[in-house]
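Count residues from 1 along the sequence.
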Amino acid sequence: MTKTKMPDKVEAELSADEARRLALRAQGLLGADGRRGGVPGMLARLGAVQLDTISVLARSHELVPYARLGAVARDRIETAYWGPSAGGGRAAAFEYWAHAASILPIEEWPTLAFRRRQYQRKGLRWHKVPDGVCDEIRAKLKAEGPLTTKELGGAKAGGDWWQWSDHKIGIEWLWDVGEVACVQRIGWRRVYDLAERVVPDELYGQEPDDAACLTRLVRLAGRALGVATRADLADYYRLKGEQVDAVVEASGLVPVRVQGWPQAAWADPDALAVPPRGRHVTTLLSPFDSLVWDRARTSRVFGFDHRLEAYVPKAKRVHGYFTMPLLAGGRLVGRVDPAREGTTLVARQVSLEPGLTRSAVRLREGAEALRTALRNAAEWVGCDAIRVERADPEVKRLVEAE
């Protein structure tokens, strides 16, 4: 990815701290605005919530609203995502490829038209679609839908994507190109239906051109990030840098300069108009949270090296299987690798950032933030005790103290 030229004229000069606070507010983690509108409001602000198969305390798409809204019941979160829109009737959200497989507001169905067309032009994702299978799936959905892959004829011939059954290949292809949509999951299984049946009529018929789609996505990314580089904007919805270059001016984002950032940056003008204020959230974040899903940005904005180690061999893990960053005081101050044993929340490994361990006062502050975050998380998932396994002895003592 080439380096974008710094604009000759910028709208604002921001300190690194101002950029960090803008990012936190944009992500709903600073001030009261992040709680407005509940889960639907959060989804609209973030633009996308990533899905993942791993479930430790909860699945990632549940941890994201928990971090911003507090102890929302998990069944209420699922209903908010997969239930009908506020006006009743058709879907409020849909699943599709954004940063990864993600939940998106149903209003953005037309915005992803460019990606559906990309798949159509390519002709496949990984597999060649077997002859006749798509017609069979269309007919079955029309007669019986909505249905899961298993109900459509079987999910897999084996355990990996290269061993998918013909029906799995067919339904994934129809999903990729937008003939079918997923607006519900049951027991982690996608439920598919004909898109024309579940996407609101006023949205289903819209087919904006690629430039309009990309302009909208860059605008959404800038709004969700607050302030961002070209690479940040591209990464949010997995665009290419040159796609960002082509539309960033039309997106309405304005060029800014951030102290310590060597790259050009853009900001949401509405965010610049009102300085960030309010209380910071103290919470554990999913490793797939959009605040931290871009490692380079997380390092630049927070000085925090974030890496998911679930796919790293156990012997090579540094911080643990499902390491959750600890957010407190507007900074990423530590990591927790959690688990559950009955009604006990177990912190298998805990660490605080080096800046918090150099003085007794800072260490106590960090331990108190960790204690608060762990206790809140335990209560949310129905645990009544906390146990810390591996940690600095003083941190362990302070966190487990009654």
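The side-chain tip of Arg116 points at the ring of Trp109 from less than 6.0 angstrom away and within 45° of straight on. For the pair Arg185 and Trp188, the distance from NZ or CZ to the six-membered ring centre is under 6.0 Å and the angle to the ring normal is within 45 degrees.
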Stepwise side chain to side chain contact (heavy atoms under 4.5 Å, CB included) test for Glu207 and Phe114
CA-CA 9 Å; Glu207 283 287 323; Phe114 94 98; over 6 Å; no
Using the rule given for side chain to side chain contact (heavy atoms under 4.5 Å, CB included), can you reason through His280 versus Arg21, listing the C-alpha separation, both sets of side-chain angles and the distance that settles it, and then say yes or no?
CA-CA 10 Å; His280 290 99; Arg21 289 170 62 80; 3.5 Å; yes
Let's go through Gln50 and Ser60 carefully: what are the C-alpha distance in whole Å and the side-chain angles of both, what is the deciding distance for side chain to side chain donor-acceptor pair (under 3.5 Å) to 0.1 Å, and is it a yes or a no?
CA-CA 7 Å; Gln50 184 174 340; Ser60 183; over 6 Å; no
Run Glu95 and Tyr192 through side chain to side chain donor-acceptor pair (under 3.5 Å) and show every step you take.
CA-CA 10 Å; Glu95 179 182 342; Tyr192 299 95; over 6 Å; no
Test Leu152 against Leu141 for side chain to side chain contact (heavy atoms under 4.5 Å, CB included), laying out the working first.
CA-CA 8 Å; Leu152 283 163; Leu141 284 173; 4.0 Å; yes
Gln27 and Leu24: side chain to side chain contact (heavy atoms under 4.5 Å, CB included), yes or no, with the steps?
CA-CA 5 Å; Gln27 284 283 302; Leu24 286 165; over 6 Å; no
Determine whether Asp384 and Thr343 satisfy the following criterion, side chain to side chain donor-acceptor pair (under 3.5 Å), listing intermediate values before the conclusion.
CA-CA 6 Å; Asp384 54 18; Thr343 59; 3.1 Å; yes
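Using a distance-only test at 3.5 Å, with no hydrogens or angles considered, no donor-acceptor pair links the side chain of Thr344 to the main chain of Val346. No donor-acceptor pair closer than 3.5 Å links the side chain of Asp289 to the backbone N or O of Val292. Using modelled atom types, no side-chain atom of Arg230 and backbone atom of Gln263 make a donor-acceptor pair closer than 3.5 Å. A donor-acceptor contact shorter than 3.5 Å links the side chain of Arg340 to the backbone of Val381. Using a distance-only test at 3.5 Å, with no hydrogens or angles considered, no donor-acceptor pair links the side chain of Glu78 to the main chain of Arg74. For Arg59 (side chain) and Thr53 (main-chain N/O), a donor-acceptor pair under 3.5 Å exists by modelled atom type. Using modelled atom types, no side-chain atom of Arg190 and backbone atom of Gln184 make a donor-acceptor pair closer than 3.5 Å. Judged by distance alone, with hydrogens and angles left aside, the side-chain atoms of Asp294 form no donor-acceptor pair with the main-chain N or O of Asp232 at under 3.5 Å. Side chain of Glu179 to main chain of Leu194: no donor-acceptor pair is present (N/O by atom type, distance under 3.5 Å, no hydrogens or angles). Distance alone, capped at 3.5 Å, is enough to place a donor-acceptor pair between the Arg295 side chain and the His306 backbone.
Of the candidates Val72, Val64, Ile77, Val64 is the only one forming a side-chain contact (heavy atoms from CB on, under 4.5 Å) with Met42.
In this structure, Leu363 CG and Glu368 CD are separated by 12.0 Å, a value rounded to the nearest 0.5 Å. Within the model, atoms CH2 of Trp380 and CG of Leu57 stand 7.5 Å from one another, a figure rounded to the nearest 0.5 Å. The distance from atom CZ of Phe304 to atom CD of Glu353, rounded to the nearest 0.5 Å, is 5.0 Å. Note that the NZ atom of Lys150 and the NZ atom of Lys168 stand 13.5 Å from one another [nearest 0.5 Å]. The distance from atom CG of Leu220 to atom OG of Ser251, rounded to the nearest 0.5 Å, is 10.0 Å. Rounded to the nearest 0.5 Å, atoms CG (Asp268) and CG (Leu225) are 10.0 Å apart.
In summary, the side chains of Tyr119 and Arg121 do not present any donor paired with an acceptor at a separation below 3.5 Å, with no hydrogens or angles considered. Side-chain contact, Arg335 with Gln349: no donor N or O sits under 3.5 Å from an acceptor N or O.
For Arg317, the CZ atom is densely surrounded, since the number of other residues' heavy atoms within 6.0 Å is greater than 12. Crowding of Glu249 atom CD: a count of heavy atoms from other residues, nucleotides or ligands under 6.0 Å not exceeding 12. In the displayed structure, Arg238 atom CZ is contacted under 6.0 Å by more than 12 heavy atoms of other residues, nucleotides or ligands.
Looking only at side-chain heavy atoms (C-beta outward), Phe94 and Val199 stay at 4.5 Å or farther from each other. For the pair Pro287/Met324, a side-chain contact is recorded, criterion being any heavy-atom separation below 4.5 Å from C-beta on. Side-chain contact between Trp173 and Cys134: present, with at least one pair of heavy atoms (C-beta onward) separated by less than 4.5 Å.
Between Asp270 and Arg219, at least one side-chain N (NZ, or NE/NH1/NH2) sits under 4.0 Å from a carboxylate O, which counts as a salt bridge. Arg375 and Glu379 are not joined by a salt bridge, as no carboxylate oxygen comes within less than 4.0 angstrom of a charged side-chain nitrogen.
Note on ring orientation: taking the six-membered ring where Trp is involved, the planes of His61 and Tyr81 are tilted (angle from 30° to 60°). Between Phe322 and Phe288, the two ring planes are tilted [angle within 30° to 60°].
Taking each heavy atom of Leu326 and Ala373 in turn, the nearest pair found is CD1-CB, 3.6 Å.
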